[in-house]
Visitor: 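Below are the C-alpha cells for one structure; questions will follow.
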Number of protein chains: 2
Amino acid sequence: MARLARSDWVDAAYARFSEDGIGAVAVEPIARMLGSTKGSFYWHFADRGALVDAVLERWRELETEDLIRDVDRIENPKERLAALLDTIAHRTAMRSGERTLYADAAAAEVSAAVAAVTDRRVQYLEELLVATGIAASESHRRAVIVVAAVIGFQQLVASGWDAGADPRSLVETLFALATDHPKRPET
Amino acid sequence: MARLARSDWVDAAYARFSEDGIGAVAVEPIARMLGSTKGSFYWHFADRGALVDAVLERWRELETEDLIRDVDRIENPKERLAALLDTIAHRTAMRSGERTLYADAAAAEVSAAVAAVTDRRVQYLEELLVATGIAASESHRRAVIVVAAVIGFQQLVASGWDAGADPRSLVETLFALATDHPKRPET
DNA sequence: ACCTGAACACCGTTCAAGT
DNA sequence: ACCTGAACACCGTTCAAGT
C-alpha cells in the first residue's frame with residue numbers, strides 16, 4: 001500500500017494502547033490495520049519494544065506533562081490541588097491504556113519509563129502539598145498515598161468492579177487526605 | 001512421565017502465578033515443568049481459562065479469606081483494623097501474583113472473580129470502620145480509598161518504582177485516613 | 001529508501017492414536 | 001482413564017528479494 005512514516009505506526013499503536021493497553025500494541029494486527037506488513041514495521045523499528053517506547057513517551061506528554069502545565073497556571077495552592085484532583089478523578093474512566101500499565105511494567109521492559117512518570121507525579125504533588133502548608137516530612141507520604149489511591153481506583157474500575165458512585169466522592173476523600181488528617185494513635 | 005492429577009497442574013500454575021502473575025500461567029511451559037505434555041493438560045482442563053479459574057480460587061482463599069479469619073479473632077475494632085492494615089502492608093511485597101491481576105482483569109476473563117474479591121474486601125473493611133465508630137455514610141468511601149491505595153501502592157512497587165521507605169509509613173497514613181479526617185472544604 | 005512474502009520460534013487448542 | 005505427538009492458528013522476528 002502507501003508508504004508509511006514512523007509516526008503513522010506510532011499513531012496507530014497509541015490508538016490501540018488507549019483502547020486496550022500495552023498488550024494490544026501488537027505488530028501484526030497494527031500492520032493489518034494500516035494495510036501494511038510486519039516486514040515494513042521492522043524497517044522503521046528495531047522491535048516491538050521500540051514501538052512501545054514511542055507510545056509511552058506520548059503517554060507521558062499527554063497524561064502527565066500536559067496536566068501539570070494546565071494546572072500550574074492557577075495561583076492559589078489549595079485551588080491548584082483541588083483542580084488537579086478534579087481533573088485526575090474525572091479522567092479516570094478515560095485513561096484505559098494506563099489502567100494496565102503498572103502491571104505490565106512489573107513483567108516487562110516498560111518499567112523504567114513508568115517509574116519515571118510515577119516519580120514526576122509524586123514529586124509534583126509533594127511540592128503542591130508543601131505549598132498548601134503541609135509539613136515537608138508529611139507531604140511525601142501523603143503524595144505517595146494519593147497517587148497510589150488514584151492508580152488503584154483506576155485498576156478497580158477497569159477490572160470490572162462496580163464503583164457505584166460518582167468520582168466526586170473520590171476527589172473529596174483524596175483532598176481531605178492530602179490536606180489534613182490526624183496522626184495515627186499509638187497501638 | 002508419571003500420571004498427573006488435576007491438583008498437580010493447579011499447584012504448578014499457582015507457583016507461576018505467585019512469581020510472575022496470571023500471564024505466566026501458560027500451558028506449554030507448565031507442561032514442560034511437570035515433564036508432561038499440552039495434550040495431557042487438555043484432558044484435565046477445558047482450556048487455559050479453567051486453570052486460571054482454579055488459580056484465582058486458591059488466591060481468594062489464601063489472600064482474602066485467610067486474612068479475614070485471622071484478624072477476626074481480635075475483639076477491639078480499632079486493634080482489629082490496625083492488625084489488618086499491618087498484615088496487608090507487610091504482605092505487599094510478597095503478593096507478586098496479585099500485583100498484575102487488576103490489569104489482567106481489565107483485558108481478560110478473570111474480571112468476575114477479581115471483582116468479587118474486591119467487593120468482599122471493601123465490604124469487610126467498611127463493616128470494620130463502622131465498628132470503630134465511623135459514620136455509615138462515610139465508611140464506604142473510606143474503605144474504597146484504602147483498598148485502592150493498597151492496590152495502587154503494590155502496583156507502583158511492582159512496576160519498579162522505588163518507594164524508598166518502610167511499609168510502616170503506609171500503614172500509619174492509611175490508618176489515619178480510615179479512622180478520622182476532616183471534611184473537604186467547599187471550593 | 002522502503003516494502004513484500006516466506007520462513008522460523010513460541011504458545012493455545014484440537015484430535016487421532018496409543019497404553 | 002490418561003497421555004503422546006502431530007497438526008493448525010496467532011504473533012514476534014529475520015531476511016532475501018523486489019521496487
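What you see is a predicted model, and the numbers here were worked out from it, not measured in a lab.
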Visitor: Start with the C-alpha distance between B:V25 and B:Y14, add both sets of side-chain angles, then the distance that settles side chain to side chain contact (heavy atoms under 4.5 Å, CB included), and finish with yes or no.
Guide: CA-CA 8 Å; B:V25 178; B:Y14 195 79; over 6 Å; no
Visitor: Considering residues at least two apart in sequence or located in another chain, which fulfil the salt bridge (charged side-chain N to carboxylate O under 4.0 Å, His left out) criterion with B:E127?
Guide: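 B:E127: no salt bridge (charged side-chain N to carboxylate O under 4.0 Å, His left out) contacts found.
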Visitor: Can you check the A:R32 CZ to C:dG5 P distance for me, whole Å?
Guide: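 Going from A:R32 (CZ) to C:dG5 (P), I get 14 Å.
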Visitor: Strictly distance-based, threshold 3.5 Å: is any side-chain N or O of B:D47 a donor or acceptor partner for the main-chain N or O of B:A50?
Guide: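 Confirmed, B:D47 side chain pairs with B:A50 backbone.
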Visitor: Taking the minimum atom-to-atom distance to the side chain of A:W43, which one of C:dC3, D:dC11, C:dC2 wins?
Guide: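 Given the options C:dC3, D:dC11, C:dC2, the side chain of A:W43 is closest to C:dC2.
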Visitor: Using a 4.0 Å heavy-atom cut-off, does B:R6 contact any base of the nucleic acid, only the sugar-phosphate backbone, or nothing at all?
Guide: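 Touches nothing.
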Visitor: Ignoring backbone atoms, establish whether A:H44 has a side-chain N or O less than 4.0 Å from OP1 or OP2 of C:dC3.
Guide: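 Indeed, a polar side-chain atom of A:H44 lies that close.
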Visitor: Answer yes or no: is there a side-chain heavy-atom contact under 4.5 Å between A:I151 and A:V147?
Guide: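 Yes, their side chains come closer than 4.5 Å.
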Visitor: In whole angstrom, what separates B:L34's CG from D:dC2's P?
Guide: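 Result: 16 Å.
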Visitor: Measuring only between side-chain heavy atoms, which start at C-beta, is B:L125 closer than 4.5 Å to B:L81?
Guide: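 B:L125 vs B:L81: side chains touch.
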Visitor: Can you say whether the rings of A:F45 and A:W9 are parallel (under 30°), tilted (30 to 60°) or perpendicular (over 60°)?
Guide: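 Perpendicular: the ring planes of A:F45 and A:W9 meet at over 60°.
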Visitor: Decide salt bridge (charged side-chain N to carboxylate O under 4.0 Å, His left out) for A:E57 and A:R60; before the verdict, give the C-alpha distance in whole Å, the side-chain angles of both, and the deciding distance to 0.1 Å.
Guide: CA-CA 5 Å; A:E57 173 52 28; A:R60 192 179 66 79; 3.1 Å; yes
Visitor: Atom CG of B:L51 to atom P of C:dC11: distance rounded to whole Å?
Guide: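 In whole Å, C:dC11 P lies 15 Å from B:L51 CG.
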Visitor: Does a side-chain N or O of A:S36 approach OP1 or OP2 of C:dC3 to a distance below 4.0 Å, or not?
Guide: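 Checking A:S36 against C:dC3: no side-chain N or O falls below 4.0 Å of OP1 or OP2.
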Visitor: Considering only nitrogen or oxygen atoms on both sides, find all protein atoms under 3.5 Å from nucleotides 12-19 of chain D and state each distance.
Guide:
| residue | atom | partner | partner atom | Å |
| --- | --- | --- | --- | --- |
| D:dG12 | OP1 | A:V27 | N | 3.3 |
| D:dG12 | OP2 | A:V27 | N | 2.8 |
| D:dG12 | OP2 | A:E28 | N | 3.0 |
| D:dG12 | N7 | A:K38 | NZ | 3.2 |
| D:dG12 | O6 | A:K38 | NZ | 3.2 |
| D:dT13 | OP2 | A:Y42 | OH | 2.5 |
| D:dT13 | OP2 | A:R48 | N | 2.9 |
| D:dT13 | O5' | A:Y42 | OH | 3.1 |
| D:dT13 | O4 | A:K38 | NZ | 3.1 |

Visitor: Would you say that A:T37 contacts A:F41 through its side chain, given a criterion of any heavy-atom pair below 4.5 Å between the two side chains?
Guide: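 A side-chain contact is absent here, since even the closest heavy-atom pair is not under 4.5 Å.
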Visitor: Kindly express the pairing pattern of DNA chain C in dot-bracket notation, using | wherever a base pairs with another strand and counting only Watson-Crick or G-U pairs under 3.5 Å.
Guide: ||.|||||...|||||.||
